[in-house]
Enquirer: 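One structure is given below, represented as structure tokens, and several questions about it will come after.
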Amino acid sequence: MIPELGHFALWVALAVGLLQVVLPALGVWRRNPRLMAMGASGAQAQFFLIAVSYACLTWAFVTRDWSVAYVAANSHSELPLMYRISAVWGAHEGSMLLWVLMLTGWGFAVSVFNRRLPADLAATTLSVLGALNIGFLLFMLLTSNPFAREFPVPLDGRDLNPLLQDPGLIIHPPLLYMGYVGFSVAFSFAIAALISGRLDAAWARWTRPWTTTAWLFLTLGITLGSWWAYHELGWGGWWFWDPVENASFMPWLVGTALIHSLAVTEKRGLLKAWTVLLAILAFALSLLGTFLVRSGVLVSVHAFATDPARGVFILAFLCIVLGIAFALYAWRAPRLVGAVQGELTLFSREGLLLLNNVFLTVAAAAVLIGTLYPLVIDAFNAGKVSVGPPYFNAVFIPLTAPLAVLLGLATAVGWKRAAWGPVLRHLRWPMVAALIAAAALPFLLGEAASLAAFAGGLLGCWVLITAVQEIWRRAGSKRNRWQGLRQVPRAVWGMSIAHVGLGLWVLGVTFVSLYSIERDVRLGPGQAADLRGYSFLFRGVEPHPGPNYDADRGFVEISRDGRFIAQLHPEKRQYRAHQNVMTDAAVDYNLLRDLYVALGEPLQTEGRHQGDWALRVYYKPMMQMVWLGGFVMALGGIVAACDRRYRLAAARTAQGTEAAG
Amino acid sequence: MRRLWLAGLLLGFAATLAAQTPTQDRIEADALDPSQQQRYQKLVNELRCLVCQNQSIADSDAPLAADLRTQVHRQLAAGRSDAEISEYVTERYGDFVLYRPPFKRSTWLLWLGPFALLAVALLLAWIFVRRRRPRAVVANAPVDAARLQRLLDEERRQP
Amino acid sequence: MRLGFVLPILLLVGLALLLAFGLGNDPREVPSPLIGKPSPAFDLARLDTDARLTENDLKGRALLVNFWASWCAGCQVEHPLLMRLASEGVEIVGFDYKDEDAAGRQWLQRHGNPYRIIATDPQGQAGLDWGVYGVPETFVLDAGGAIVYKHIGPLTETAWRERVQPALKGAH
């Protein structure tokens, strides 16, 4: 019954969605406020219906309803409760339902916070969001119904993919989807601007917090995904430039460019058409990502089980949505630009932000080229090629390193125009400090210095120091510096915190890439391996049953100079339902270094070397800095999105229009 | 769902689902000197596992990956260069097995594209900025102070 | 209309065509670089006799080389077809890939033996040299011992009729 209710709710949501598209649009056309207001009710009703549907699916999982095919495919009687709940989004159909839940959730948020938006802008935005809802609902109902029943009812489920049975899974996809889907709001705002033909500073101010929020969720989602891969996959890597990873990174790069472009549009009224284009692009890349993950077009560890019918549907949907958006852009964007061109010099904050956009967009394009190239070369029958980390690293780093330099520079450069003299004087001591810090860092970590480490360290320290300096400067030259700090607007705090996060990230990536050591060793019980002064003593392996798996649990003691540091328990798990074997690595970490151990396989089951195992041990300096950087960036986003300016100014405008109207 | 599993098996990549018999000793890393070890890690991370869903042979548990690792190890110990080992593998499996795509005519667009794009984008940005160069400030006409004062007073009187 | 505003939609068209192509394309299939080249050198033991097999023994006539194993599920799927082809006079040489002799013999006894010659490749070295990445795989060799065509995965009726048989005929 419950699954049928869930299914029915989806159909009702589809019907409501149709109303949500048509009525507000009609309202805008006929300037009928009541019709326009229907957009909000429609969005709220949709969210309610999808939430009901989602609850029904969760119910089916929690109660182990094997008659629902999706539940049977992704759960198991012994699967712990928390994974039964998170298994709802463990495979294609359920993750689409999560996607739609998020989409309607964002629509709900827009409908609630729209009281200060002009009515026609809100109505058009909700209408566009409604159209997107319809597309995804149709996709689900026609090709990927999560509530489909299976007869005869199997005796037990086939268990959730073991890779997904990890706490990281519980938060990573929802956060990621919040980000992906969140860009639909910026997209809808952009379409609304194109349709109305109006784009002013107020529009930019309304769009900014929505974009920043989506961006910060995406940042969190990507950071967590990377963290999860590191702990779950057993190969010590944290980013593989896998097509699905790239699918999340491209919208992030464009989203970052969008945030910066919005700042220019709000402050100076420039780059209007470009900002609109970026808003469309960010969501376009989200959609492209959805396509790549579910269509089987590219090979990926993360890909869902594929079905040609689904691929065709998503491609058609993609073409329709983006076709309309880009056609609208080609037709209406010139109108937005207007006759009077604002002035712009390169050596100004807006000029540097323009360069920021250039580098970020080209970087996103580079990732796209690399991801799609195997397909391109295949299409032209020019053979088959693989594009992996060596390519991406070689191309991405040169394209983004200049960004770090520009970032520091921009902190000292004001709007409209700036002079070299004061700027350089302002940046003198950060430059010196960064040089000293970069030179000292390798020694502080006990590593041999190298040019690459110095360069990366310099960029990271430069970004960090200039970001902190900006806050300090903004706090004013008043005697009461602390008072000044509290008066710095949250948007500025958020910006500096996010940039600090970036600096930390750059430092982490530099050191972990250059100074990591990895070794495959073969150890018997009682034998130890040495890695950079750390001794990894292997004490053997014991069987260790888990709730739905049987594991071989290793005991590895790490010590340094005789001093005990940690005991790690890497595992090799065999999930009973799936029969495949998974590696669960064990890590001892602090801010400065990670010590990572993964079990390989047993080498000899009898004879003289019985009990020997192949192990992989890693030393990874500053690994945690990579994720700390990501989290701090997201924190910056949270702080920035909460700036009172967005709420106050909008309220003032609303009052103004009320007085005038 | 069951059909999907069967389809997977039918594709014949049963190697990865094969019996869990211990593969031959893949770990003889101790037999290589440190510089060779480093080269081993680099090579093994840049070669693709052909039966996996996008993993290098370093990260894969598949038997074929293990065989290739052993090959790389053996050849390194025998004194072959990185280029020779790379050629050994591509002779048999084609360029697909390299995660670093070779630089040849079919991949010029790949390797040079992003940088060409950067050049074009920078050029466009430059043109964009040039068009919006601030115009020279027109010399101010002499200000009529009295008229200015009158206008300002009027403004202040407005509600 | 300025080019800049029209460019996005033009790029979308290109992308859509590319992705549409991608939907019909198998990204995991690895074409063989050995097509047109002489078969790799090898020196393997045989399952059926005590003699050894080298690449020279495969010259002089067009034939199929089929990599199989007793642990391979896909091999069972293509086996009836191979038996039929063998009865029709097609010469199939079997390479028992990473298998144990006893297991291989047992498997053939149970399912039938379509191979005129069977070689064993217990270490997988020959498989590596031939660019095998997942059994079963079938190669078409011409009289000069060069590889003319490679079929990946179980041999199906359609694949035989449309690609493998013509390659074999052309190789005579």
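Residue numbers start from 1 in every chain, and the chains themselves are labelled A, B, ... in the order their sequence lines are given, proteins ahead of strands. Keep in mind the model is a prediction, meaning the values are calculated, not measured.
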Enquirer: A:Phe240, A:Trp241, A:Phe392, A:Phe359: which one forms the most heavy-atom pairs within less than 4.5 Å of chain B?
Expert: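 Highest number of heavy-atom pairs under 4.5 Å: A:Phe240.
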Enquirer: Taking atom CG of A:Leu355 and atom CG of A:Leu360, what is their separation to the nearest 0.5 Å?
Expert: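 Here the rounded value is 11.0 Å.
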Enquirer: So which of A:Val358, A:Leu368, A:Val376, A:Asn393 has the biggest tally of heavy-atom pairs under 4.5 Å with chain B?
Expert: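 Winner by heavy-atom pair count: A:Val358.
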Enquirer: For chain A, find its close neighbours in residues 116-129 of chain B: heavy-atom separation under 4.5 Å, sorted by number, or none.
Expert: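 Listed by number, the contacting residues are B:Leu117, B:Leu118, B:Ala121, B:Leu122, B:Ala125, B:Trp126, B:Phe128, B:Val129.
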Enquirer: Using heavy-atom distances under 4.5 Å, tell me whether A:Ile377 contacts chain B through its side chain, its backbone, both, or neither.
Expert: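 Answer is side chain: those atoms of A:Ile377 sit under 4.5 Å from chain B.
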Enquirer: Measure distances from B:Leu98 to the heavy atoms of chain A and classify the residue's part below 4.5 Å as side chain, backbone, both or neither.
Expert: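 The backbone, not the side chain.
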Enquirer: Hey, is B:Arg80 close enough to B:Glu87 for a salt bridge, meaning N to O under 4.0 Å?
Expert: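 Salt bridge absent between B:Arg80 and B:Glu87.
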Enquirer: Applying salt bridge (charged side-chain N to carboxylate O under 4.0 Å, His left out) as the test, list every pair that has at least one member in residues 374-391 of chain A; sequence neighbours left out.
Expert: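 Found A:Asp378-A:Lys384.
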Enquirer: Does B:Arg39 have more than 12 heavy atoms from other residues, nucleotides or ligands lying within 6.0 Å of its CZ?
Expert: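 Atom CZ in B:Arg39 is crowded, with more than 12 foreign heavy atoms closer than 6.0 Å.
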Enquirer: Nearest 0.5 Å, please: how far is CG in B:Leu109 from OH in A:Tyr373?
Expert: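 Spacing of OH (A:Tyr373) from CG (B:Leu109) equals 4.5 Å.
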Enquirer: Got A:Leu354 and A:Leu344 here, is their nearest side-chain heavy-atom distance under 4.5 Å?
Expert: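 The answer is yes, as the side chains (C-beta and beyond) meet within the 4.5 Å cut-off.
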Enquirer: Can any side-chain N or O of B:Thr107 pair as donor or acceptor with the backbone N or O of B:Pro102 at less than 3.5 Å?
Expert: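 Yes, B:Thr107 side chain to B:Pro102 backbone: donor-acceptor pair under 3.5 Å.
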Enquirer: Is it the backbone or the side chain of A:Thr361 that comes under 4.5 Å from a heavy atom of chain B, or both, or neither?
Expert: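 Neither part.
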Enquirer: In residues 88-95 of chain B, which residues are in contact with chain A at a heavy-atom separation under 4.5 Å?
Expert: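 Hits under 4.5 Å: B:Asp95.
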Enquirer: Counting heavy-atom pairs under 4.5 Å with chain B, which one of A:Thr583, A:Leu399, A:Thr345 comes out on top?
Expert: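 Looking at each of A:Thr583, A:Leu399, A:Thr345 in turn, A:Leu399 comes out on top.
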Enquirer: Identify, with sequence neighbours excluded, every residue that meets side-chain contact (heavy atoms from CB on, under 4.5 Å) alongside A:Phe347.
Expert: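 Partners of A:Phe347 under the side-chain contact (heavy atoms from CB on, under 4.5 Å) test: A:Leu409, A:Val413, A:Ala418, A:Trp420, A:Val423.
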